[in-house]
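Every value quoted in this text rests on a predicted model; they were computed, and no experiment measured them.
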Amino acid sequence: MPYPLLVVTAVTAEAEAVRAGADPGHVLVEPVGVGPAAAAAGTARLLATGRYRAVISAGIAGGFPGRAPVGATVLGTRSVAADLGAESPDGFLPIEELGFGSSLLVADPLLLKGLTAALPEAITGDVLTLATVTGAATTANTLATRFPQAVAEAMEGFGVATAASGANIPFLELRTISNPIGPRDRAAWRLKEAFAALSTASGALWTACG
Ligand SMILES: O=C(O)c1cccc(C(=O)CC[C@H]2O[C@@H](n3cnc4c(=O)[nH]cnc43)[C@H](O)[C@@H]2O)c1
């Protein structure tokens, strides 16, 4: 079992940032595509090999203003499918209220404990998974109100967590903040800072999770 820890990212740039910090002898890093569907399918394919004992969804993310600033590292206590449900005139109805399952998956407590100890400056809280990047103040405010424990949003965590749950493998989401969640301003994304933070945080992965 040469790579007991699997780290799944969306894009190659994130995978390279993780590889720059992670122990290459024990941690396999694979980009599987953007969004929850690509993340779930790619992770399920990799876990089907039976080679891994834990999986981390890692990458950059948007941070809720006042909760997770640009450059921060975030450890997800839960990965939440924020847009899984139905709209109604009275507001959003989560999948739970429709009676079709759960919109949240909880991080493995041992992985979370190990990484929290190894990364004491990291912010812990819920990480939302959305198929659409938030780009308007109204959406950002609605999400902040609906999810008071959420610190960040990204596009893959719940998909990776679903595959991990199906394979009975421990899961955790690790994110570094590239941009505030709010009105779209792609030029303001601090990719270099977020990738540097991702490399630093990845240095703790094997000692904390292995
Ligand atoms: O420029 C865009 O609008 C855009 C759309 C889709 C993906 C990207 C990426 O750069 C892919 C990387 C990855 O970044 C995560 N991410 C970063 N910030 C946010 C955010 O504010 N809301 C949601 N996701 C975010 C996401 O997991 C992407 O897969 C760029």
Side-chain angles (χ1 to χ4, degrees), residues 7-11 13-22 27 29 31 34 39 55-80 82 104-109 111-130 132-137 139-158 160-161 171-209:
V7 179
V8 176
T9 69
V11 298
E14 293 171 316
E16 283 169 357
V18 174
R19 285 189 196 114
V27 181
V29 189
V34 171
V55 59
I56 310 287
S57 172
I60 60 173
F64 280 100
R67 301 181 189 175
V70 169
T73 296
V74 163
L75 295 170
T77 48
R78 304 183 297 181
S79 296
V80 183
L104 58 89
L105 285 161
V106 179
D108 178 77
L111 293 179
L112 185 59
K113 190 176 170 197
L115 270 171
T116 305
L119 301 169
E121 311 224 316
I123 295 163
T124 54
D126 290 350
V127 179
L128 307 185
T129 301
L130 293 143
T132 303
V133 176
T134 298
T139 315
N141 292 338
T142 303
L143 288 171
T145 303
R146 274 183 61 210
F147 301 103
Q149 295 179 65
V151 294
E153 72 163 40
M155 302 173 76
E156 294 81 24
F158 188 78
V160 178
F171 160 83
L172 181 88
E173 185 163 3
L174 164 68
R175 295 279 169 181
T176 58
I177 305 302
S178 53
N179 57 284
I181 300 168
R184 181 170 172 78
D185 181 7
R186 186 66 165 80
W189 285 31
R190 296 285 171 261
L191 296 174
K192 202 172 158 194
E193 202 175 335
F195 288 140
L198 192 55
S199 298
T200 302
S202 298
L205 281 174
W206 178 241
T207 40
C209 304

I'd like to check Glu173 versus Ile56 (side-chain heavy atoms, cut-off strictly below 4.5 Å). Are they in contact?
no
Does any part of the side chain of Leu143, heavy atoms only, come nearer than 4.5 Å to the side chain of Phe64, both counted from C-beta?
yes
With a 4.5 Å cut-off on side-chain heavy atoms, are Arg175 and Glu14 touching?
yes
Decide side chain to side chain donor-acceptor pair (under 3.5 Å) for Ser57 and Glu156; before the verdict, give the C-alpha distance in whole Å, the side-chain angles of both, and the deciding distance to 0.1 Å.
CA-CA 7 Å; Ser57 172; Glu156 294 81 24; 5.6 Å; no
Write down the atom of Thr73, the atom of Ala201, and the distance for their closest heavy-atom approach.
CG2-CB, 4.0 Å
Under a 4.5 Å cut-off applied to non-hydrogen side-chain atoms, are Val127 and Val74 in contact?
yes
Listing, residues 181-195 side-chain donor-acceptor contacts under 3.5 Å, not counting sequence neighbours, or none:
unit_1: Arg190; atom_1: NH1; unit_2: Ala188; atom_2: O; d: 3.3

From Leu112 atom CG to Phe171 atom CZ, the distance as rounded to the nearest 0.5 Å:
11.0 Å
Pairs in or reaching into residues 116-126: which pass side chain to side chain donor-acceptor pair (under 3.5 Å), with residues at least two apart or in two chains?
Thr77-Asp126, Arg78-Asp126
If we only count heavy atoms from C-beta on, is the Cys209 to Leu115 side-chain gap below 4.5 Å?
yes
Over all heavy atoms of both residues, which pair between Ala58 and Val7 is shortest? Give the atoms and the distance, please.
CB-CG1, 3.6 Å
Side chains of Pro31 and Val11: closer than 4.5 Å at any heavy-atom pair?
no
Going by the rule side chain to side chain donor-acceptor pair (under 3.5 Å), which residues pair with Thr134 if we only count those two or more places apart in sequence or in a different chain?
Glu153
At their closest point, which heavy atom of Leu198 faces which heavy atom of Thr176, and how far apart are they?
N-CG2, 3.5 Å
What is the distance from atom CD of Glu16 to atom OG of Ser199, rounded to the nearest 0.5 Å?
10.0 Å
Would you check if Phe158 and Leu105 make a side-chain contact, meaning some heavy-atom pair closer than 4.5 Å?
yes
About how many Å separate CD1 of Ile60 and CE of Met155, when rounded to the nearest 0.5 Å?
11.0 Å
Shortest non-hydrogen contact from Ala72 to Ile123?
CB-CD1, 3.8 Å
Please find the pair of heavy atoms, one from Leu119 and one from Ala204, that lie closest to each other, and give the distance.
CD2-CB, 3.9 Å
Show the nearest heavy-atom pair for residues Leu172 and Gly76, with the distance to one decimal.
CD1-O, 3.7 Å
With rounding to the nearest 0.5 angstrom, report the CG to CG distance, Leu111 to Leu174.
11.0 Å
